[in-house]
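I have placed the structure first, in the form of structure tokens, so that the comments after it can refer back to it.
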Amino acid sequence: MNHPNTLNHRVIRLLDASLNRASEGARVVEDYARFVLDDAHLARLAKELRHGIAAAGGILPLADRLACRDTPGDVGTAISTASEGQRTDAWAVCAASLGRLQEAIRSLEEYGKTIDPALGARFERLRYDAYTLASGLGGTQRGRERLGDARLYVLIDGSESSEAFARRVETLCEAGADVLQLRDKSLDDRTLVERARHLASLCRRHGVTSIINDRADIAVAAGADGIHVGQEELTVADARSVVGPGRLVGVSTHSIEQARTAVLAGADYLGVGPTFPSTTKAFAEFPGLDFVRQVAAEVSLPAFAIGGITPANVSEVVTAGLRRVAVSGAVSGASDPIAAVESLVATLGGQSAG
Ligand SMILES: Cc1ncc(COP(=O)(O)OP(=O)(O)O)c(N)n1
Ligand SMILES: Cc1ncsc1CCOP(=O)(O)O
Ligand SMILES: [Mg+2]
């Protein structure tokens, strides 16, 4: 390995500038996650990345870096582009910094190899960490923009007929549901896609989000807004490869580790549960309200608590920190589904959904 003092001082100068760029970029990203999103998970990852960059750069003593620094003589300080001065909002600032961060780490990786191949490999790993962070932030941003203040998410089956299904969808849209999911494991594919088309067009008319459970192909064929996948089904990447960037991909999660993984995979929202015993689906384990509290404490991606939630217990979910819930039995099994929707919406209302 070359000792830094024996290196061409111009390479040290370049590495010094890239280290500054990378750690400053990571700080700008960390500030967005921390202060704009209130997202402890992504802020922690950005901070860890910043520290990883500083630790890898520690191979160059600060005294050597400063000795080689020549800001007044830097020909690049006078070069600027019009787009650098224009940032429409805080996300545009964060997105630009994510790009700069990745570029700076790439420069550190390539020129770092001239000091020690292991340094190049270290920055390569940090570059992948930066890509993963970007995916988590991008998904979080997209999910928050697409789902806004959506609070009540209702899962429905395909009903006994097309007409009954359309009536049910209309009723739930008018009553105040924000998201409707077609979840029917018994219908044949032709009937499923026919119901899914009804769902997509009626929801679009009412400004309600339409989701298809499990089936990315049917979501695309029907023109629905998105797909929901479980832990044993398509991964976010595989679902995304089918539905594209314009549709939502939601993921069921049952632990905080699964929630963190789904965020970094670029999910647009999370299902968080099961919260309570459900009459719709049997479960061996219940992460319950503790899991709701964990997600609320560190994830800013839209997260819907699910499982056994009713008008009678929904306030416990709100107290635990989530104002978004997904329900099935509480609405479909109610003698008065409209009243059930209205009661849930009333309890979930108030401050921002987060
Ligand atoms: C919003 C929402 N959350 C969780 C689920 C459950 O999905 P999954 O774990 O894949 O189980 P099935 O619904 O496929 O039985 C969901 N559908 N929606
Ligand atoms: C599909 C699913 N996944 C977790 S809970 C659940 C069922 C939700 O239905 P209910 O609100 O009736 O418990
Ligand atoms: Mg599923």
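Counting convention: from 1, in listed order, for ligands and their atoms alike. These numbers were taken from a predicted model, which means no experiment stands behind them.
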At under 4.0 Å between heavy atoms, is it the side chain or the backbone of Gln181 that contacts ligand 1, or both, or neither? side chain
Partner of Arg127 under salt bridge (Lys or Arg N to Asp or Glu O under 4.0 Å), picked from Glu103, Glu110, Glu109, is Glu109
Less than 4.0 Å between a side-chain N and a carboxylate O, is that true for Arg260 and Glu298? yes
If only atom types and distance count, is the side chain of Asp225 paired as donor or acceptor with the main-chain N or O of Ile211 below 3.5 Å? no
With the Mg ion (ligand 3) as the centre, enumerate protein N/O/S atoms below 2.8 Å in chain and residue order. Asp214 OD1, Glu233 OE1, Glu233 OE2
Test of proximity, Tyr153 against ligand 1: N or O pairs below 3.5 Å: no
Please determine if Ser278 has a nitrogen or oxygen closer than 3.5 Å to a nitrogen or oxygen of ligand 2. yes
What protein heavy atom is closest to atom 14 (O) of ligand 1, reported as residue, atom name and distance in Å? Lys185 NZ, 2.6 Å
For the pair Asp290 and Arg293, find out whether any cationic side-chain nitrogen is under 4.0 Å from an anionic carboxylate oxygen. yes
Has ligand 1 got any nitrogen or oxygen that is less than 3.5 angstrom from a nitrogen or oxygen of Asp214? yes
To which of Ala305, Gly307, Ser328 does the heavy atom nearest atom 9 (O) of ligand 2 belong? Ser328
With under 30° as parallel and over 60° as perpendicular, where do the rings of Tyr32 and Trp91 fit, or are they tilted in between? tilted
Please check: side-chain N/O of Thr319 versus main-chain N/O of Ser315, any donor-acceptor pairing under 3.5 Å? yes
Protein contact to atom 1 (C) of ligand 2 [nearest heavy atom, distance to 0.1 Å]: Arg183 NE, 3.4 Å
Report yes or no: do Arg100 and Ser97 form a side-chain donor-acceptor pair below 3.5 Å? yes
Side chain or backbone, does Thr280 bring an N or O within less than 3.5 Å of an N or O on ligand 2? yes
Only one of Lys47, Arg50, Arg44 clears salt bridge (Lys or Arg N to Asp or Glu O under 4.0 Å) with Glu30; which? Arg50
In plain terms, say whether Asp214 and Lys185 are close enough for a salt bridge, that is, a side-chain N and a carboxylate O under 4.0 Å apart. yes
Looking only at non-hydrogen atoms, find the nearest pair between Ala196 and Ile212 and report the distance. CB-CD1, 3.6 Å
Which residue and non-hydrogen atom of the protein lie closest to atom 13 (O) of ligand 1, and at what distance in Å? Arg183 NE, 2.7 Å
Which protein heavy atom lies closest to atom 8 (P) of ligand 1, and at what distance to 0.1 Å? Ser252 OG, 3.4 Å
Test: side chain to side chain donor-acceptor pair (under 3.5 Å). Region: residues 325-340. Which pairs qualify, not counting sequence neighbours? Arg168-Ser332
With atoms numbered from 1 as shown, which atoms in ligand 2 lie under 4.0 angstrom from a non-hydrogen atom of Gly329? 10 (P), 11 (O), 12 (O)
Among protein heavy atoms, which lies nearest atom 2 (C) of ligand 1, and at what distance? His228 CE1, 3.3 Å
So which bit of Phe283 gets within less than 4.0 Å of ligand 2, heavy atoms only: side chain, backbone, both or neither? side chain
Are Asp268 and Arg240 within salt-bridge range, i.e. N to O under 4.0 Å? yes
Within-cut-off N or O pair, Leu155 and ligand 1, under 3.5 Å: no
Has ligand 2 got any nitrogen or oxygen that is less than 3.5 angstrom from a nitrogen or oxygen of Ala326? no
Looking at Leu42, Leu264, Val299, which one forms a side chain to side chain contact (heavy atoms under 4.5 Å, CB included) with Thr140? Leu42
Winner among Val331, Val327, Ile306 once heavy atoms are compared against atom 6 (C) of ligand 2: Ile306
If only side-chain N and O atoms count, and only distance matters, is there a donor-acceptor pair under 3.5 Å linking Glu170 with His206? yes
Side chain, backbone, both or neither: which applies to Ile211 and ligand 1 if a contact is any heavy-atom pair less than 4.0 Å apart? neither
Does ligand 2 have any atom sitting under 4.0 Å from a heavy atom of Gly308? yes
Before accepting this row, confirm whether a basic side-chain N of the pair Asp116/Arg122 lies closer than 4.0 Å to the acidic partner's carboxylate O. no
Hey, is Lys281 touching ligand 1 through its side chain, its backbone, both or neither, going by heavy atoms under 4.0 Å? side chain
